[in-house]
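Right, one structure below, let's go through it.
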Amino acid sequence: MYRTIQQQLQARIQAILQQKYEVTLAQFAVEQPPAIAMGELALPVAFELAKRLRKAPRAIATELAAELNASLSELPLVASVEIAGAGYLNVRLDRAAVVREIAADRHADIGGPGFKLVEHTSINPNKAAHIGHLRNAILGDTFQRLLRSDAYKSGYQVGVQNYIDNTGVQVADVVVGLMHLEGKTLAGTRELMNDLASRNHRIDFYCWDLYARVSQWYTGGVDDATPPEPAELARRKQVRLDTLHAIEHGGNEAAEIAELISTAIVRRHLETMQRLGIEYDFLPRESEVLHLHFWDAGRQLMLEKGVLYLETEGKNKGCYVMRRAGNESEAPADGAPDEDAKVIVRSNGTVTYVGKDIAYHLWKFGLLPGKDFGYQPFYTYADERICWISTSGESAPNAPTFGRADAIYNVIDSRQNDPQNNVIAALRGMGFTDAADHYTHFSYEMVAMTPRCAIDLGYQLTDEDRQRPFIEVSGRKGYGVKADDLMDKLIAAALAEVDARHPELPAAEREQIARQIGIGALRYFMLRYTRNTVIAFDFKDALSFEGETGPYVQYAIVRAANIFRKDGSTPQAALQAVQSIDLSALSGDDGTSVWETWLLASRLSLLIEQAIATAEPAYLARYAFQLAQQFNNFYHKHHVLNEQDPAKKTLYLATAAVAMREMTRALAYLGIESPPVM
RNA sequence: GGGCGAGUAGCUCAAUUGGAUAGAGCACCGGCCUUCUAAGCCGGGGGUUGUGGGUUCGAUCCCCGCCUCGCCCA
């Protein structure tokens with residue numbers, strides 16, 4: 001509702017500016033005054049106009065206030081407009097009228113046409129998911145929820161992809177471990193998987209350790225009694241390279257083991273993410289990008305569009321290269337080679353990662369001629385939703401397609417800034433400016449560990465590392481907190497609390513509530529930081545259920561629900577009743593704290609809009625906390641069930657109802673469930 | 001060496017993208033459970049926003065220099 005009022009004010013002011021001064025402002029801010037006593041909305045528009053009109057801000061504000069006050073009939077929810085400070089226009093709302101609008105759940109809509117593709121998670125399928133992957137998946141999943149159409153907003157059509165690099169060097173390393181460290185064949189690998197499954201062990205955990213061992217084996221690590229000879233190290237490097245090439249080509253034992261193991265781990269990743277309420281629509285795989293020859297079509301198109309050319313001189317002689325972003329104007333005027341150009345195809349004919357990525361992104365926008373994946377069902381969720389996977393064979397009859405997006409969001413950490421910019425530059429260079437403009441690298445900083453946390457986990461740190469602000473998670477070293485381990489810990493901690501508080505509940509119910517709380521804490525923890533903040537992970541912070549956490553908000557909802565349970569009434573009835581009672585209790589000191597709760601509760605659509613526009617889910621997380629704080633404030637100030645004045649009691653009940661409604665919604669966008677009791 | 005990001009309370013982070021008195025959580029100190037759940041609430045201390053300049057009605061935010069840290073590239 002707050003958004004609607006902002007829009008109405010903006011429209012009205014635009015009309016006045018046009019009519020009175022013949023100026024139009026493309027955009028101007030509508031803020032909130034520092035204190036509610038000064039009104040509900042503040043317009044600094046007079047400052048903006050001071051330069052253009054060569055007039056003092058306060059004089060302009062005076063004229064605008066007069067115009068606005070004279071036409072209040074156009075703004076049914078505004079009570080008055082006054083001038084404050086050096087030229088602010090402060091707007092007071094008709095509290096009763098606004099409350100009735102909010103109670104009736106009238107709010108601005110969000111959404112529009114178009115298909116938006118969100119890609120997130122994209123974990124190398126060679127080891128267990130860790131806390132860094134959790135941040136990625138939780139950010140992506142939350143953003144997807146903000147975009148998608150639902151009961152609250154029209155939203156957009158959304159597809160969620162999880163890219164699987166199943167032919168990369170990381171998978172090859174695990175295959176090297178299985179074949180050369182453990183001497184396993186394809187049959188032996190099958191046996192291992194069956195054995196792990198029968199003992200309820202996780203294959204991704206097994207590979208976590210194996211991957212760390214292989215990484216050390218390459219550099220002559222712990223498995224050797226004496227350091228290996230240089231010739232032996234060279235042989236190991238060659239084994240790695242040969243395995244990688246074998247997997248890329250396919251049709252051999254290494255490739256089959258890679259397929260077997262990576263698919264099993266992908267399945268495990270889906271299970272891990274499902275615990276967090278995260279689901280996917282499609283898993284495009286690197287193997288299909290290769291086997292379906294996406295790059296051939298991409299290269300053809302790049303050559304036609306003139307962004308790819310054969311370098312004939314200098315250090316990149318014999319390579320196909322692309323000029324770097326921003327260098328178009330500095331093209332080699334004197335015919336000298338552009339040494340700064342990005343190599344796309346090496347002189348030996350192999351394609352770089354960026355090259356494959358350009359082709360893949362052309363496909364995402366439906367710009368790759370004649371190429372599409374085959375689609376087969378891979379995983380079915382509880383609600384019958386199907387997760388599809390790419391295949392180079394025939395598609396299943398009822399398969400959807402996922403290319404042809406109007407906008408894409410790639411949730412990838414900030415270390416991939418350069419490669420992502422290269423892809424965008426390629427699209428722009430090819431003349432696909434619309435695609436380039438709608439390509440969002442949803443960049444975020446990594447999750448690291450505090451040195452303290454790493455030591456607690458038993459990792460050997462150098463003295464230098466101990467002095468660092470944080471230690472990077474490293475699959476290669478085996479450093480990191482596994483996603484499933486962390487969830488287990490959080491749920492166990494929550495269960496201990498629930499057991500103590502609600503021994504009367506059946507065990508299954510207590511476990512369900514503990515799961516909701518543990519996951520709520522985790523998702524909130526990953527969302528409360530803005531994207532370009534490095535999270536230095538520590539168990540103490542992550543395991544907290546107090547203060548600015550998910551459980552704090554969940555608890556506020558439970559408190560609100562308890563009011564209705566004890567009262568024997570429903571939130572719906574309370575909101576309905578607001579339409580017909582006297583709302584004079586909204587004014588005065590007492591009423592103001594009630595009114596502030598309504599006002600804050602009415603901002604959800606505004607916050608969703610901002611979170612989408614800035615690709616910053618943290619704004620919504622913060623909002624959920626602030627609303628819960630505001631509600632707790634109200635809860636302690638006004639004892640609802642003891643209220644003797646019937647009109648006041650009805651208003652208070654409705655206040656609890658509206659806060660509960662919006663907190664529950666906000667949490668749902670964050671992917672956090674609201675437990676019935678806690 | 002080049003590119004990107006960051007530096008705000010003891011600690012971890014915000015600041016509606018240039019607005020009014022820079023706000024939260026944690027930690028610390030003090031108070032509040034016979035009331036709708038204390039996973040909560042109230043109060044307190046704690047700041048030259050790394051540093052030096054500039055832009056303007058107004059700068060934590062924008063521009064330039066310097067210092068420190070992280071990441072990426074070579």
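In what follows, every chain begins at residue 1, and chains take the letters A, B, ... in the order their sequences are listed.
Distance CE (M446(A)) to P (rG70(B)): 10 Å, rounded to an integer number of Å. Atom CZ in F625(A) sits about 13 Å away from atom C1' in rU12(B), given to the nearest Å. To the nearest angstrom, P of rG19(B) lies 14 Å from CD of Q32(A). The distance from atom OH of Y529(A) to atom C1' of rA15(B) is 17 Å, rounded to the nearest whole Å. Counting to the nearest Å, the C1' atom of rA27(B) and the CG atom of D541(A) are 11 Å from each other. One can place CG of D465(A) at 11 Å from P of rG70(B), the figure rounded to the nearest angstrom. Atom-to-atom, CG of L41(A) to C1' of rU16(B) comes out at 12 Å; the value is rounded to the nearest Å. Atom OH in Y623(A) sits about 17 Å away from atom C1' in rA24(B), given to the nearest Å.
Using cut-offs of 30° and 60° for the angle between ring planes, the F634(A) and Y652(A) rings count as perpendicular. Below 30°, between 30° and 60°, or above 60°: for F525(A) and Y529(A) the angle between ring planes is above 60°, a perpendicular geometry.
Rounded to a whole angstrom, the distance from the P atom of rA39(B) to that of rU34(B) is 15 Å. Comparing rC61(B) with rG19(B), their C1' atoms sit 11 Å apart, to the nearest whole Å. rA22(B) and rU17(B) have their C1' atoms separated by 15 Å, with the value rounded to a whole Å. Taking the P atoms as reference points, rG43(B) lies 14 Å from rG23(B), given to the whole Å. Taking atom P in both rG10(B) and rU37(B), the straight-line distance is 39 Å, to the nearest Å. rU16(B) sits 16 Å from rG50(B) when the P atoms are compared, rounded to a whole Å. Separation of the C1' atoms belonging to rG18(B) and rC63(B) is 14 Å when rounded to the nearest angstrom. A distance of about 23 Å separates the C1' atoms of rC69(B) and rC62(B), rounded to the whole Å.
Residues I123(A) and N136(A) have side chains not in contact (no heavy-atom distance under 4.5 Å, counting atoms from C-beta outward). Between E596(A) and T592(A) there is a side-chain heavy-atom pair separated by less than 4.5 Å. Between Y619(A) and Y623(A), the closest side-chain pair of non-hydrogen atoms is not below 4.5 Å.
The residue among E548(A) and A29(A) whose nearest nucleotide of RNA chain B lies closer to the 5′ end is A29(A).
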Sugar-phosphate atoms are those with a prime plus P, OP1 and OP2; base atoms are the rest. Using that split, label each nucleotide of nucleotides 34-47 of chain B B, S or - for protein heavy atoms under 4.0 Å, 5' to 3'.
-BBBSBBSS-----

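Base pairing in RNA chain B yields stems of at least 3 consecutive Watson-Crick or G-U pairs, both distances under 3.5 Å, namely B:1-7 with B:67-73, B:10-13 with B:23-26, B:28-32 with B:40-44, B:50-54 with B:62-66.
In this entry the base of rU17(B) is syn relative to its sugar, with a glycosidic angle within 90° of 0. Base orientation of rC33(B): syn (glycosidic angle within 90° of 0).
Annotation: K356(A), atom NZ; neighbour count of heavy atoms from other residues, nucleotides and ligands within 6.0 Å is above 12. R346(A) CZ: more than 12 foreign heavy atoms inside a 6.0 Å radius.
In the model, R559(A) has no side-chain atom that pairs as donor or acceptor with a side-chain atom of N562(A) under 3.5 Å.
For the salt bridge (Lys or Arg N to Asp or Glu O under 4.0 Å) test, residues two or more places apart in sequence or in another chain that qualify with R510(A) are D499(A).
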Look for any protein N or O under 3.5 Å of an N or O in nucleotides 1-9 of chain B and output each such pair with its distance, or none.
residue	atom	partner	partner atom	Å
rA6(B)	OP1	N532(A)	ND2	3.4

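Using a 4.0 Å heavy-atom cutoff across all strands shown, A556(A) reaches no nucleic acid atom at all. Residue contacts shown for P34(A) include a base, since a base heavy atom lies under 4.0 Å away. Nucleic acid contact for E472(A): sugar-phosphate only, since backbone atoms but no base atoms lie under 4.0 Å from a heavy atom of the residue. Among the heavy atoms of the strands, none lies under 4.0 Å from S414(A). Nucleic acid contact for S544(A): none, since no nucleic acid atom lies under 4.0 Å from a heavy atom of the residue. Counting non-hydrogen atoms under 4.0 angstrom, Q626(A) reaches nothing in the nucleic acid.
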Identify every side-chain donor-acceptor pair in residues 31-49 of chain A under 3.5 Å, counting partners at least two apart or on other chains, and give the distances.
residue	atom	partner	partner atom	Å
Q32(A)	OE1	R603(A)	NH1	2.5
E40(A)	OE1	L93(A)	N	2.8
E40(A)	OE2	W595(A)	NE1	2.7

Extract all donor-acceptor atom pairs below 3.5 Å that involve side chains of residues 535-543 of chain A and protein atoms in other chains or at least two apart in sequence.
residue	atom	partner	partner atom	Å
D538(A)	OD1	T450(A)	OG1	3.0
D538(A)	OD2	K540(A)	N	3.3

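Look at R468(A) and you'll find a side-chain N or O under 4.0 angstrom from OP1 or OP2 of rG70(B).
Y619(A) contributes a side-chain N or O that forms a donor-acceptor pair with the base of rU17(B) under 3.5 Å.
The aromatic ring centroids of Y459(A) and Y479(A) lie less than 6.0 Å from each other.
Between the side chain of H107(A) and the main chain of S605(A), no donor-acceptor pair closer than 3.5 Å is present.
With F143(A) as reference, Y409(A) is the one residue of Y444(A), Y669(A), Y409(A) to meet the ring-ring contact (aromatic ring centres under 6.0 Å, His included) rule.
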